[in-house]
Protein chains: 2
Amino acid sequence: MSLRHAVLAALAQGEASGYELAKRFDVGVANFWSATPQQLYRDLERLEQDGLVSARVVEQSRRPNKRVFVLTTAGREELRAFGERPAKPPAMRDEFLVKLQAVDPERPEAILAAATERIGRSREKLARYDQLRERMLAGRDEDQFLRESDQVGPYLTLMAGRMYEQTNIRWATTVLETLTNRHAGVRGTSG
Amino acid sequence: MSLRHAVLAALAQGEASGYELAKRFDVGVANFWSATPQQLYRDLERLEQDGLVSARVVEQSRRPNKRVFVLTTAGREELRAFGERPAKPPAMRDEFLVKLQAVDPERPEAILAAATERIGRSREKLARYDQLRERMLAGRDEDQFLRESDQVGPYLTLMAGRMYEQTNIRWATTVLETLTNRHAGVRGTSG
DNA sequence: CCCCTATAGTCAACTAGTTGAATAGGTGCG
DNA sequence: CGCACCTATTCAACTAGTTGACTATAGGGG
């Protein structure tokens with residue numbers, strides 16, 4: 001159960017309700033750990049039972065009340081201990097690559113569309129990451145930030161996401177070119 | 001259940017036994033879809049029951065007999081249809097990034113060790129990918145290969161893995177530098 | 001002969017993740 | 001005033017993935 005630790009790490013950046021956490025996961029953590037809101041709520045329950053987080057209800061007038069979660073001392077300690085243990089190798093699940101693996105170069109239409117969409121999504125992500133980055137840097141330059149800030153972890157993981165999306169765009173672009181050239185070539189020789 | 005399709009895609013590159021498939025997943029497909037041998041055997045059973053693959057026993061004298069699986073026509077058709085459907089967004093699970101997210105810059109030792117190991121693993125993967133690449137190209141240059149071969153899919157997914165590992169190495173190297181500089185700096189000002 | 005490694009596969013128990021729906025208050029639009 | 005959408009959460013059922021142990025054959029080294 002490692003989502004636990006991803007949740008603890010996310011809460012280490014500041015308290016949050018389940019709903020807020022879901023969004024935090026969606027924009028930031030989703031890079032390296034994906035989870036649905038249901039999963040988050042469920043794991044928050046368990047973390048609370050285990051005393052690693054504590055909740056308090058915040059009454060709101062303009063919207064429904066919410067339960068805000070904070071790390072407890074035990075939670076911080078568990079997170080620290082987790083950091084010392086060896087990490088499992090990363091796991092990926094990418095349907096697009098499965099589809100591409102099996103693509104018939106004579107009928108690349110669906111893959112071409114999917115690749116185009118993928119590039120679009122990567123660009124959007126990149127734009128969001130760049131915004132987040134500016135907000136983190138808050139005017140400082142990167143070197144200064146990395147020397148001073150307490151938020152180096154989130155910055156470095158954000159950079160991982162950023163570089164990943166950049167690579168992805170470059171790669172998907174060559175896929176697009178390769179498959180269109182090839183398809184054009186086939187039509188050229190047969191028509 | 002999408003491992004089904006990853007298995008079908010892997011079998012599209014040629015028949016294999018469960019054991020061989022496990023290795024194929026380990027070196028090639030693991031990039032974009034991870035699975036344990038147990039999972040593969042289980043899914044192969046199901047795929048056989050559903051008539052998407054068929055098995056035959058190959059008697060071997062120097063080692064235990066094996067069951068070799070091939071795609072059936074229905075399997076090929078399912079794989080083709082799968083390729084037309086929209087792909088789910090990729091999902092990642094990377095413990096190292098969780099640990100980095102929550103790292104205390106004053107105690108970066110464990111993360112530094114993990115980052116170093118990660119770079120090593122990426123280099124090994126890269127070396128294996130490059131070997132696979134040479135084998136695929138078989139003397140041809142890339143352009144010629146991409147114009148002629150039936151294996152463009154596997155080549156392009158291999159390139160995704162290759163670029164991913166290269167990016168990973170570059171990124172992890174900056175992480176290493178950032179954290180060591182920072183730690184040296186702290187010791188310098190306090191000692 | 002014993003142990004180690006590789007091939008080849010199976011079983012059972014468990015944990016984690018996905019999907020779909022339901023509840024409930026509030027805001028903004030036409 | 002009804003409908004869509006956002007905040008905020010929960011429940012239940014299901015599917016997928018992980019862990020650990022276990023069976024078997026065969027080859028090589030000491």
Side-chain angles (χ1 to χ4, degrees), chain A residues 1-8 15-27 29-30 32-50 53 55-69 85-95 98, chain B residues 1-8 15-27 29-30 32-50 53 55-69 85-95 98:
Chain A
M1 205 188 333
S2 218
L3 175 58
R4 285 172 80 86
H5 298 110
V7 169
L8 293 176
E15 55 169 34
S17 68
Y19 190 81
E20 288 158 355
L21 208 53
K23 286 201 290 187
R24 199 176 288 181
F25 260 72
D26 214 40
V27 299
V29 185
F32 55 89
W33 212 276
S34 43
T36 57
Q38 289 88 335
Q39 250 181 297
L40 294 174
Y41 283 113
R42 191 156 64 183
D43 271 40
L44 283 167
E45 278 305 306
R46 290 179 194 164
L47 286 167
E48 199 191 2
Q49 277 164 33
D50 296 349
V53 306
R56 89 197 125 83
V57 173
V58 173
E59 312 255 349
Q60 296 185 123
S61 53
R62 319 197 140 256
R63 43 203 71 210
N65 296 345
K66 60 182 177 182
R67 295 180 73 212
V68 171
F69 296 87
R85 293 198 289 271
K88 287 188 205 160
M92 264 229 205
R93 304 238 141 85
D94 193 336
E95 270 199 0
V98 176
Chain B
M1 205 186 338
S2 218
L3 174 58
R4 285 173 82 86
H5 299 110
V7 169
L8 293 176
E15 57 169 35
S17 68
Y19 191 80
E20 288 158 355
L21 207 54
K23 287 202 290 187
R24 201 177 286 181
F25 260 72
D26 213 40
V27 298
V29 183
F32 55 90
W33 211 276
S34 43
T36 56
Q38 290 88 334
Q39 250 182 297
L40 294 174
Y41 283 114
R42 192 155 67 184
D43 272 41
L44 282 166
E45 280 304 307
R46 290 179 193 164
L47 286 166
E48 199 190 1
Q49 275 164 33
D50 296 348
V53 306
R56 91 197 124 83
V57 174
V58 173
E59 312 254 349
Q60 297 183 120
S61 51
R62 319 196 139 256
R63 43 203 72 210
N65 296 344
K66 60 183 178 182
R67 296 181 71 213
V68 170
F69 296 87
R85 294 198 290 270
K88 285 188 204 159
M92 266 229 205
R93 305 238 139 87
D94 194 335
E95 270 199 1
V98 176

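Here is the naming used below: chain letters follow the sequence lines, and residue numbers restart at 1 for every chain.
For A91(B) and K66(B), each mapped to the nucleotide of DNA chain C holding its nearest heavy atom, the one lying further toward the 5' end belongs to K66(B).
Contact annotation: K23(B) reaches the phosphate of dT7(C) (side-chain N/O to OP1 or OP2, under 4.0 Å).
With hydrogens and angles ignored, a donor-acceptor pair under 3.5 angstrom links the side chain of Q38(B) to the base of dG20(D). Judged by distance alone with a 3.5 Å cut-off, a donor-acceptor contact links the side chain of R42(B) to the base of dG17(D).
Taking atom CG of residue D43(A) and atom P of nucleotide dT15(C), one finds them 13 Å apart after rounding to whole Å. Atom CD in Q39(B) sits roughly 15 Å away from atom C1' in dT10(C) (whole-Å rounding). Note: CZ (R93(A)) to P (dT15(D)) measures 17 Å, nearest angstrom. In this structure, D26(A) places its CG atom 16 Å from C1' of dA8(D), rounding to the nearest Å. Straight-line distance from the OH atom of Y41(A) to the P atom of dT23(C): 17 Å, rounded to whole Å. Across the protein-nucleic acid pair, R24(A) atom CZ and dT7(D) atom C1' stand 16 Å apart, rounded to whole Å. In this structure, CD of Q60(A) is placed 12 Å from C1' of dC6(D), rounded to the nearest angstrom. One atom, CG of N65(A), and another, P of dT9(D), lie 9 Å apart when rounded to the nearest Å.
Residue S17(A) is classed as a sugar-phosphate contact, given heavy-atom separations below 4.0 Å to backbone atoms only.
Comparing atom distances between the Y19(A) side chain and each of dT7(D), dT19(D), dA8(C) picks out dT7(D) as nearest. Considering only the side chain of T36(A), dT18(C) comes nearest among dT10(D), dT18(C), dT18(D). Of the candidates dT25(D), dT7(D), dT10(D), dT7(D) carries the atom nearest the P64(A) side chain, counting heavy atoms from C-beta on.
Side-chain N or O atoms of Y19(A) include none that pairs as donor or acceptor with a backbone N or O of R67(A) at under 3.5 Å. The main-chain N or O of S34(A) is found under 3.5 Å from a side-chain atom of R93(B) such that the two form a donor-acceptor pair. E15(B) contributes no side-chain N or O that, together with a main-chain N or O of V68(B), makes up a donor-acceptor pair within less than 3.5 Å.
For the atom pair CG of L44(A) and OG of S17(A), the computed distance is 9.0 Å after rounding to the nearest 0.5 Å.
A salt bridge links R46(B) to D43(B): one of the charged nitrogens lies within less than 4.0 Å of a carboxylate oxygen.
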